[in-house]
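Excluded from the calculations below are hydrogen atoms, water molecules and symmetry mates; all remaining heavy atoms, backbone and side chain alike, are included.
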2 protein chains.
Amino acid sequence: MKLSTKGRYAVMAMVDLARHAQVKPVSLSDIATRQEISLSYLEQLFARLRRAGLVKSVRGPGGGYRLARGSADTRVSEIILAVDEPISATRCTEMGATGCRADRSKCLTHDLWEELGNQIHLFLSSVTLLDVLERKLAPRFLEAPAAANAAANTESSMAAAS
Amino acid sequence: MKLSTKGRYAVMAMVDLARHAQVKPVSLSDIATRQEISLSYLEQLFARLRRAGLVKSVRGPGGGYRLARGSADTRVSEIILAVDEPISATRCTEMGATGCRADRSKCLTHDLWEELGNQIHLFLSSVTLLDVLERKLAPRFLEAPAAANAAANTESSMAAAS
DNA sequence: CAAAAACCAACTGCGTCACTCGGATTTAAT
DNA sequence: ATTAAATCCGAGTGACGCAGTTGGTTTTTG
């Protein structure tokens with residue numbers, strides 16, 4: 001999962017859409033002025049979002065976009081995956097068993113990137129548009145037991161010893 | 001924290017260095033052939049790693065690089081922060097209280113990106129080079145999902161972020 | 001019909017990435 | 001002393017994605 005400002009723009013726009021599309025569809029020019037994003041750039045982003053089935057469009061005057069599903073059923077990870085094109089799979093990333101698993105010494109880091117991708121996806125798919133609107137992000141990640149924090153800041157001995 | 005293939009190259013090289021620098025320093029040409037990375041590109045990466053204090057250099061024939069600290073005391077997050085230049089801080093990201101906090105509606109997503117950055121940094125700083133070598137990555141993150149949530153309250157995660 | 005909106009395609013300036021080239025310095029080995 | 005191995009250094013290059021622009025077309029409402 002790629003993390004770029006492009007995905008951030010898309011999420012900003014989708015949050016704006018979820019916030020203002022209560023009664024009638026929201027035009028992209030409204031979002032553009034509110035979020036200070038270029039209209040044509042928004043068009044490109046929403047073309048992808050529409051193809052991904054995340055929004056529905058209404059053409060003609062008074063038209064605009066609505067969420068295809070509810071704001072509680074639209075996850076941030078879906079938005080980012082919709083607008084970012086899939087990773088280039090340059091070296092070892094994400095290629096199948098043939099490309100990388102064969103040579104173990106070269107791809108010691110493979111598991112690391114895979115697990116990092118899992119973490120990111122886990123976090124972003126745990127947050128819905130409604131969560132962002134209500135500023136409740138990923139309660140599972142904010143439970144914050146103090147013990148975990150202490151461990152997180154001083155785990156050098158742990159990691160080294162084990 | 002930016003995630004690019006550049007940081008991945010740096011981590012690959014540093015893992016290779018940690019693996020082979022037992023007795024004598026490791027030359028970049030060795031790493032280049034083993035990891036299939038261009039030598040001059042490695043030179044640029046190691047210039048940054050050296051400036052960041054992660055490696056030490058030995059010049060002349062038989063020279064090369066060593067880890068400045070032990071492999072158990074070198075964290076993946078440090079490597080990535082060393083080679084990736086700081087984020088461009090384009091729109092709202094990471095700017096202080098003045099830039100973004102003022103307009104709440106525009107930056108509903110601010111907390112989301114901040115927390116995502118915290119998650120990524122927390123994960124990558126919990127993995128050392130030794131962990132990668134021994135394929136023990138962040139046992140806390142591989143436990144049962146309920147207990148594995150690396151939780152961070154605001155202060156500690158800010159402190160860890162940088 | 002006119003205006004508002006979604007649609008669409010092509011192009012542009014810019015920055016980063018991964019890499020190359022051509023050196024210079026340091027230092028061990030002969 | 002010479003050679004060669006290595007780090008250092010700066011400049012430049014092709015490709016690519018990002019963010020935006022231009023200039024339309026279609027659809028639909030009033």
Side-chain angles (χ1 to χ4, degrees), chain A residues 1-13 17 20-21 24-33 35-52 54-66 68 80 83-93, chain B residues 1-13 17 20-21 24-33 35-52 54-66 68 80 83-93:
Chain A
M1 165 163 277
K2 193 176 162 186
L3 292 178
S4 65
T5 56
K6 191 175 186 176
R8 286 204 268 267
Y9 277 108
V11 175
M12 285 170 59
L17 178 58
H20 295 96
K24 48 180 182 176
V26 178
S27 73
L28 289 190
S29 55
D30 286 357
I31 299 179
T33 56
Q35 303 297 325
E36 294 178 358
I37 306 175
S38 142
L39 174 59
S40 292
Y41 194 41
L42 272 183
E43 288 179 350
Q44 295 171 34
L45 295 181
F46 273 77
R48 288 168 173 269
L49 293 171
R50 192 173 59 87
R51 272 178 242 132
L54 295 178
V55 296
K56 287 177 184 172
S57 66
V58 180
R59 300 185 69 159
Y65 287 92
R66 287 183 208 272
I80 295 181
V83 298
D84 282 331
E85 56 262 9
I87 52 171
S88 51
T90 27
R91 194 59 65 103
C92 136
T93 6
Chain B
M1 164 162 278
K2 192 176 162 187
L3 292 179
S4 65
T5 55
K6 190 174 186 175
R8 284 204 268 268
Y9 277 107
V11 174
M12 283 170 60
L17 179 59
H20 294 96
K24 49 179 182 177
V26 177
S27 73
L28 290 189
S29 55
D30 285 357
I31 299 179
T33 55
Q35 303 297 324
E36 293 178 358
I37 307 175
S38 138
L39 174 59
S40 293
Y41 194 41
L42 272 182
E43 288 178 351
Q44 295 170 31
L45 295 181
F46 273 76
R48 287 170 176 267
L49 293 171
R50 193 173 58 88
R51 273 179 240 131
L54 295 177
V55 296
K56 286 178 184 170
S57 65
V58 180
R59 301 185 69 163
Y65 287 91
R66 285 182 210 272
I80 294 180
V83 298
D84 283 330
E85 55 261 10
I87 51 171
S88 51
T90 27
R91 194 59 66 103
C92 137
T93 7

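- Looking at heavy-atom distances under 4.0 Å, Leu39(B) makes no contact with the nucleic acid at all.
- Look at CZ on Arg66(B): it is 14 Å from P on dA6(D), rounded to the nearest Å.
- Atom CG of Asp30(B) is separated from atom P of dA5(D) by 12 Å (rounded to the nearest Å).
- Checked against dA6(D), dG17(D), dA6(C), the side chain of Lys2(A) finds its nearest nucleotide in dG17(D).
- One interatomic measurement links the two molecules: CD of Gln44(A) to C1' of dG20(D), which rounds to 8 Å at whole-angstrom precision.
- A distance of 10.5 Å separates CG of Leu39(A) from CD of Gln44(A), quoted to the nearest 0.5 Å.
- Nucleotide dA5(C) holds its C1' atom 13 Å from the CD1 atom of Ile31(A), rounded to whole Å.
- As rounded to whole Å, 12 Å separates atom P of dC18(D) from atom CZ of Arg8(A).
- Of the side-chain N and O atoms in Ser38(B), one or more sit less than 4.0 angstrom from OP1 or OP2 of dT20(C).
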Distance-only donor-acceptor pairs under 3.5 Å for side chains of residues 25-32 of chain B, two or more places apart:
unit_1   : atom_1 : unit_2   : atom_2 : d
Ser27(B) : OG     : Ser29(B) : OG     : 3.1
Ser27(B) : OG     : Asp30(B) : N      : 3.3
Ser27(B) : OG     : Asp30(B) : OD1    : 3.4

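- dT12(C) atom P lies 19 Å from atom OH of Tyr41(A), rounded to whole Å.
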If the sugar-phosphate is the primed atoms plus P, OP1 and OP2 and the base is the rest, what is the B/S/- string for nucleotides 23-30 of chain C, using protein heavy atoms under 4.0 Å?
-> --BBBB--

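- Contact between Asp84(B) and Gly7(B) at its shortest, heavy atoms only, is OD1-N, 4.1 Å.
- The separation between Leu42(A) atom CG and dG20(D) atom C1' is 11 Å, rounded to whole Å.
- Residue Asp84(B) has its side chain nearest to dC17(C) when only dA5(C), dC18(D), dC17(C) are considered.
- Contact annotation: Ser57(A) side-chain N/O to dA5(C) OP1/OP2 distance is not under 4.0 Å.
- Closest approach of Leu17(A) to Phe46(A), counting heavy atoms only: CD2-CE2, 3.9 Å.
- In this structure, Tyr65(B) reaches the dC8(D) phosphate: one of its side-chain N or O atoms is under 4.0 Å from OP1 or OP2.
- Between Tyr9(A) and Tyr41(A), the two ring planes are perpendicular [angle over 60°; tilted spans 30° to 60°].
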What do the steps show when you test Lys6(B) against Leu45(B) for side chain to side chain contact (heavy atoms under 4.5 Å, CB included), and what is the final call?
-> CA-CA 8 Å; Lys6(B) 190 174 186 175; Leu45(B) 295 181; 4.0 Å; yes

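- OP1 or OP2 of dC8(C) sits under 4.0 Å from a side-chain N or O of Arg50(A).
- The Ser4(B) side chain lies nearest to dC17(C) when the options are dC8(C), dC17(C), dA6(C).
- Regarding Leu3(A), its CG atom lies at a distance of 12 Å from the P atom of dC18(D), rounded to whole Å.
- Both Lys6(B) and Ser40(A) lie near DNA chain C, and the one whose nearest nucleotide falls closer to the 5' end is Ser40(A).
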